[in-house]
Amino acid sequence: MSPADAEARVHAVGLVPVIALPSPDAAVPLCQALVKGGIDVVEITFRTGGAAEAMAALREELPEVLVGAGTVTSVEQLDAAVGAGAAFAVAPGLNPEVVERADEVGLAFWPGVCTPTDIEAALRLGHRFLKFFPAGPMGGAGMLKALLAPYAHLGVRFIPTGGIDAGSAATYWTIEGVAAIGGSWVAPADLIREQGWEQITQLASDAVTARDAARGRS
């Protein structure tokens, strides 16, 4: 999948569940629950062990799910994500070495930014699809609107992530220039540990309903 196709798919879904798995074995039932609720995109982070194993299992057993790697902070992690079949990768910050490696292998890569200086560094590297992190602590939707003002005409689009929940998500979805939202509230760690798949399906379904309302869909 090309980077442009991955970006389009993520924009269509509008929500990227950010997952730190307690065990790779949870990946497939978790994503089955998300798909049942209407979300077929997931970001498996490298915050816990077994992330690459989980991504590979998802690509094998649930090929309809767009699987990405999160918290990618090194070239080694990016290569592991590619080897596991990830369709995209996301980072909390902007590491030029990781950006360049992603470009070399043709993987959609969305570096994290939170200031105008960060954004301009990303633009110099040819990247306009960016993660705004940590969204909540950095000023939320108001800060994001301010950042978009001087850069939207350059094609910059954001995935705000960090501190977003069901109560604040709609505010971000209404902002032109927000491609999607990243968040963990749809699949919280406690429900994953408890195998609360039905509850996760309901949370995903509620998020899809809220997304459609915010985007003006019937």
Side-chain angles (χ1 to χ4, degrees), residues 1-3 5-74 76-92 102 105-110 131 133 159 161-162 164-166 169 179-212:
M1 176 177 288
S2 72
D5 288 342
E7 292 171 8
R9 176 86 173 270
V10 166
H11 178 257
V13 177
L15 175 60
V16 181
V18 178
I19 309 298
L21 288 171
S23 165
D25 294 339
V28 170
L30 166 63
C31 285
Q32 288 173 331
L34 290 171
V35 169
K36 189 175 180 180
I39 297 173
D40 60 1
V41 173
V42 67
E43 174 188 329
I44 305 296
T45 74
F46 277 101
R47 298 177 192 173
T48 56
E53 181 183 344
M55 285 181 258
L58 289 170
R59 297 304 303 137
E60 176 70 22
E61 299 190 41
L62 295 175
E64 70 274 21
V65 175
L66 188 72
V67 179
T71 321
V72 176
T73 59
S74 70
E76 290 76 18
Q77 287 177 333
L78 187 120
D79 286 344
V82 172
F88 65 89
V90 188
V105 299
L107 181 69
F109 182 70
W110 308 323
K131 174 178 177 175
F133 177 82
I159 301 180
T161 307
I164 300 174
D165 57 22
I181 297 169
S184 59
W185 84 90
V186 175
D190 58 342
L191 285 182
I192 296 174
R193 285 194 301 270
E194 297 164 8
Q195 300 183 21
W197 310 133
E198 290 185 5
Q199 296 98 313
I200 288 173
T201 292
Q202 186 60 57
L203 288 171
S205 179
D206 292 345
V208 168
T209 298
R211 175 206 66 193
D212 288 348

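T161 places no side-chain N or O within 3.5 Å of a backbone atom of G183 that could act as its donor or acceptor partner. Of the possible polar contacts, one joining the R59 side chain to the V65 backbone as a donor-acceptor pair under 3.5 Å is found. Side chain of S23 to backbone of A26: no donor-acceptor contact under 3.5 angstrom is found.
Using a 4.5 Å heavy-atom threshold, the side chains of T48 and P22 count as separate. Proximity of P188 to L203: side-chain heavy atoms (C-beta onward) are separated by under 4.5 Å at one or more points. For the pair L62/V35, no side-chain contact is recorded, criterion being any heavy-atom separation below 4.5 Å from C-beta on. V18 has its side chain within reach of R47: a pair of non-hydrogen atoms, C-beta onward, lies under 4.5 Å apart. In this structure the side chain of F88 never reaches within 4.5 angstrom of the side chain of M1, judged on heavy atoms. Inter-residue side-chain proximity for D40 and R9 is flagged as met; some heavy-atom pair is nearer than 4.5 Å. Contact annotation: the side chain of I44 approaches that of L58 to within less than 4.5 Å [non-hydrogen atoms, C-beta and beyond]. Inter-residue side-chain proximity for V90 and I159 is flagged as unmet; no heavy-atom pair is nearer than 4.5 Å.
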Intermediate values then yes/no, side-chain contact (heavy atoms from CB on, under 4.5 Å), L21 and L30 | CA-CA 9 Å; L21 288 171; L30 166 63; 3.9 Å; yes

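Atoms CD1 and CD1, on I19 and I192 in that order, are 4.5 Å from each other to the nearest 0.5 Å. Note that CD of Q32 and CD1 of I200 are 12.0 Å apart. Values are rounded to the nearest 0.5 Å. Note: R211 CZ to I181 CD1 = 10.5 Å, rounded to the nearest 0.5 Å. The distance from the CZ atom of F133 to the OG1 atom of T71 is 7.5 Å, given to the nearest 0.5 Å.
Counting only residues at least two apart or on different chains, the side-chain hydrogen bond (donor to acceptor under 3.5 Å, both in side chains) pairs with a member in residues 196-208 are Q202-D206.
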